[in-house]
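Lettering of chains follows the sequences in order, A, B, ..., and the numbering in each one begins at 1. On a predicted model such as this, the values are computed, not experimentally measured, just so you know.
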Number of protein chains: 2
Amino acid sequence: MTATDDHIDRLPAPAMVHATSQAERVADMLRAFVIDGELAPGVRLSEEKLSRKYEVSRNTLREAFRLLSRERLLVHRMHRGVFVAHPDGEDVRDLFKARRALELPAVRGAARAPEPLVRAVGAAVEAGEAARAEADWWRMGSANMHFHEALGALAQSARINEFMRQVLAETRLVFHVMAAPREFHDPYLPWNRRIHLALAAGDTETAAEELSEYLATSEEQLTTAFTEMERTAKN
Amino acid sequence: MTATDDHIDRLPAPAMVHATSQAERVADMLRAFVIDGELAPGVRLSEEKLSRKYEVSRNTLREAFRLLSRERLLVHRMHRGVFVAHPDGEDVRDLFKARRALELPAVRGAARAPEPLVRAVGAAVEAGEAARAEADWWRMGSANMHFHEALGALAQSARINEFMRQVLAETRLVFHVMAAPREFHDPYLPWNRRIHLALAAGDTETAAEELSEYLATSEEQLTTAFTEMERTAKN
DNA sequence: ATTGCAGTATTGTTCAACAATCCAACGATG
DNA sequence: CATCGTTGGATTGTTGAACAATACTGCAAT
């Protein structure tokens, strides 16, 4: 350990070069499929078919399944197989409770957040507006998710960030249960804009109030659509 | 579907009869071992030895590993094996950021929480004091964890509850990194008592302030002990 | 309409094998 | 003497096949 090791010490941190296993790669792929709706909620994932299609053994595939079950994106039912999660009305209420508990305090504490994090919120707003301009409704939904992810990031905790991503991914599943990207995201863009403006101005309380209304409205809209759907499906 | 089905409707809910797989059972066992410190942080878990000891195949064991890796209790290092997580100083800071973000808002919103949840907080306080009376320091630590779990439960979200359990389990690992159960839990019991009193009285703001101090003190204590430990370990 | 009972398909789990990789020890090199 | 290349052994990564256990379907019997 000589003095010439200064070079090494100054090198950037070990930016996660870790090689990934097959199980993780498959899990990443399936996660993307689920979030993008290519795998519809409730669909059963056959071990044999999937393992043949993606050329991995059943054992490896099952490792991937375990990972995604813990993320609540897949549901493992003993001796029945794994299914794409299919959130119900109760899940929606719980998801919004979780989001309220996470996002509101994050926004209220944004005074202590470094500037780049606030700018990330603004970037998500603009991405959403750009997507809207191109009438790309699905991308608009993604931008909206990134917006809320950015809000959660104001808490500045890696664990909160991950939890937030998980909750948002699950929320996205809710949208897939009732395919209607346009009407559900459309009215919210101006809201996002206002929230970011208040944040950038340092007025965290106003931002929090706007966000609170946003969440209430969104939850209301989703739950009513849900109960409506369940009612018609009952008969 | 005749009217005589009333009997069935009145039956208790399907209280989780789901049979569990081997992988889940093994995961439950390992989780308990890790939390209780029977498996020390940093220890490597040999696939061959464990699979032989608990009479499961390597594949099944690996499924269990995947579950616990997603909970951050185990760490999977490619081609090297799985290790009991070994949180460092940065993890401690992040854990406390997460706890602040979760527990403080939960306490502040406790006005809307049903009474049984507040009583659960009180029960945890008493369990801690009982353990202290018997000089059972480890059980005291468990009671303290339950106390904070009960605080998180005030948010009334199943997902928050689960995340909270995860964060607390990880926090418990931190204590194992530096085995010192007595001094670290001792001064906090009165604090817990005060927090519960304020909560029961409906004074959520006071409760939140007490909790905030508690967290600050606890984090301070842990991080200093940590940096001290890392300093001595460096040489 | 409900129950009982095959037969079939799928998952649960194990096992054995091999490839890929890490790691420690050794010696070679400057 | 510190560093580097090599080699051999140990462990993980992944596969494929096998069998057991369970759920589901359809049909017969009541």
Side-chain angles (χ1 to χ4, degrees), chain A residues 1-9 11 14 16-30 39 42-70 73-86, chain B residues 1-9 11 14 16-30 39 42-70 73-86:
Chain A
M1 184 80 69
T2 69
T4 60
D5 281 351
D6 293 345
H7 310 268
I8 291 179
D9 292 346
L11 246 36
M16 304 291 122
V17 260
H18 59 53
T20 71
S21 66
Q22 288 251 64
E24 284 169 78
R25 278 194 297 273
V26 172
D28 288 345
M29 186 168 59
L30 291 178
L39 286 170
V43 162
R44 174 166 153 268
L45 302 181
S46 160
E47 293 188 352
E48 188 186 336
K49 288 179 187 168
L50 270 184
S51 66
R52 177 153 37 232
K53 174 143 185 155
Y54 295 113
E55 294 178 307
V56 296
S57 75
R58 273 181 65 211
N59 288 317
T60 300
L61 184 62
R62 285 172 64 91
E63 286 186 26
F65 282 170
R66 295 294 190 184
L67 289 171
L68 294 172
S69 313
R70 278 265 47 169
L73 292 183
L74 299 184
V75 176
H76 201 136
R77 288 202 280 172
M78 190 67 165
H79 284 289
R80 249 165 270 191
V82 297
F83 302 78
V84 178
H86 189 294
Chain B
M1 184 79 73
T2 71
T4 60
D5 282 351
D6 292 347
H7 311 270
I8 292 179
D9 291 348
L11 245 37
M16 303 291 120
V17 259
H18 60 55
T20 70
S21 66
Q22 288 252 63
E24 284 169 79
R25 277 195 297 275
V26 172
D28 288 344
M29 187 167 59
L30 291 178
L39 286 170
V43 162
R44 174 166 152 267
L45 302 180
S46 159
E47 292 188 354
E48 186 184 336
K49 288 179 188 168
L50 270 184
S51 66
R52 178 154 36 233
K53 174 143 185 157
Y54 295 112
E55 294 177 311
V56 296
S57 73
R58 272 181 66 210
N59 300 89
T60 299
L61 184 62
R62 286 171 64 92
E63 288 185 25
F65 283 169
R66 295 294 190 183
L67 289 171
L68 294 171
S69 315
R70 279 266 46 164
L73 292 183
L74 300 184
V75 176
H76 202 136
R77 288 202 278 171
M78 190 67 165
H79 285 291
R80 251 164 267 192
V82 297
F83 302 78
V84 178
H86 189 293

Anything under 3.5 Å between a protein N or O and an N or O of nucleotides 21-24 of chain D, put it in a table, one pair a line.
none

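Rounded to whole Å, the distance from CD on A:Gln22 to P on C:dA20 is 12 Å. A:Glu48 has its CD atom 12 Å from the P atom of D:dG16, to the nearest Å. One atom, CD of A:Glu47, and another, C1' of C:dG12, lie 8 Å apart when rounded to the nearest Å. If you measure from atom CZ of A:Arg25 to atom C1' of D:dG13, you get 11 Å, rounded to the nearest angstrom.
Atom-to-atom distance recorded for B:Leu67:CG and B:Asp28:CG is 9.0 Å, nearest 0.5 angstrom. To the nearest 0.5 Å, atoms OG (B:Ser69) and CZ (A:Arg70) are separated by 11.0 Å. The CZ atom of B:Arg66 sits 11.5 Å away from the CG atom of B:Leu74 when rounded to the nearest 0.5 Å. Once rounded to the nearest 0.5 Å, the distance linking OG1 of A:Thr60 with CZ of A:Arg62 reads 11.5 Å. Taking CG from A:Leu50 and CG from A:Leu39, the interatomic distance works out to 7.5 Å, rounded to the nearest 0.5 Å.
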Report task. Report the C-alpha distance between B:Ser51 and B:Arg58 in whole Å, list the side-chain angles of each, state the deciding distance to 0.1 Å, and finish with yes or no for side-chain hydrogen bond (donor to acceptor under 3.5 Å, both in side chains). Result -> CA-CA 6 Å; B:Ser51 66; B:Arg58 272 181 66 210; over 6 Å; no
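Of the possible donor and acceptor atoms, one in the side chain of B:Arg25 sits under 3.5 Å from a partner among the backbone N and O of B:Thr20.
Using a 4.0 Å cutoff on non-hydrogen atoms, the parts of residues 50-66 of chain A near DNA chain C are A:Arg58, A:Asn59, A:Arg62, ordered by number.
In this structure, B:Ser46 and B:Leu61 approach most closely via the heavy-atom pair O-CD2, 4.5 Å.
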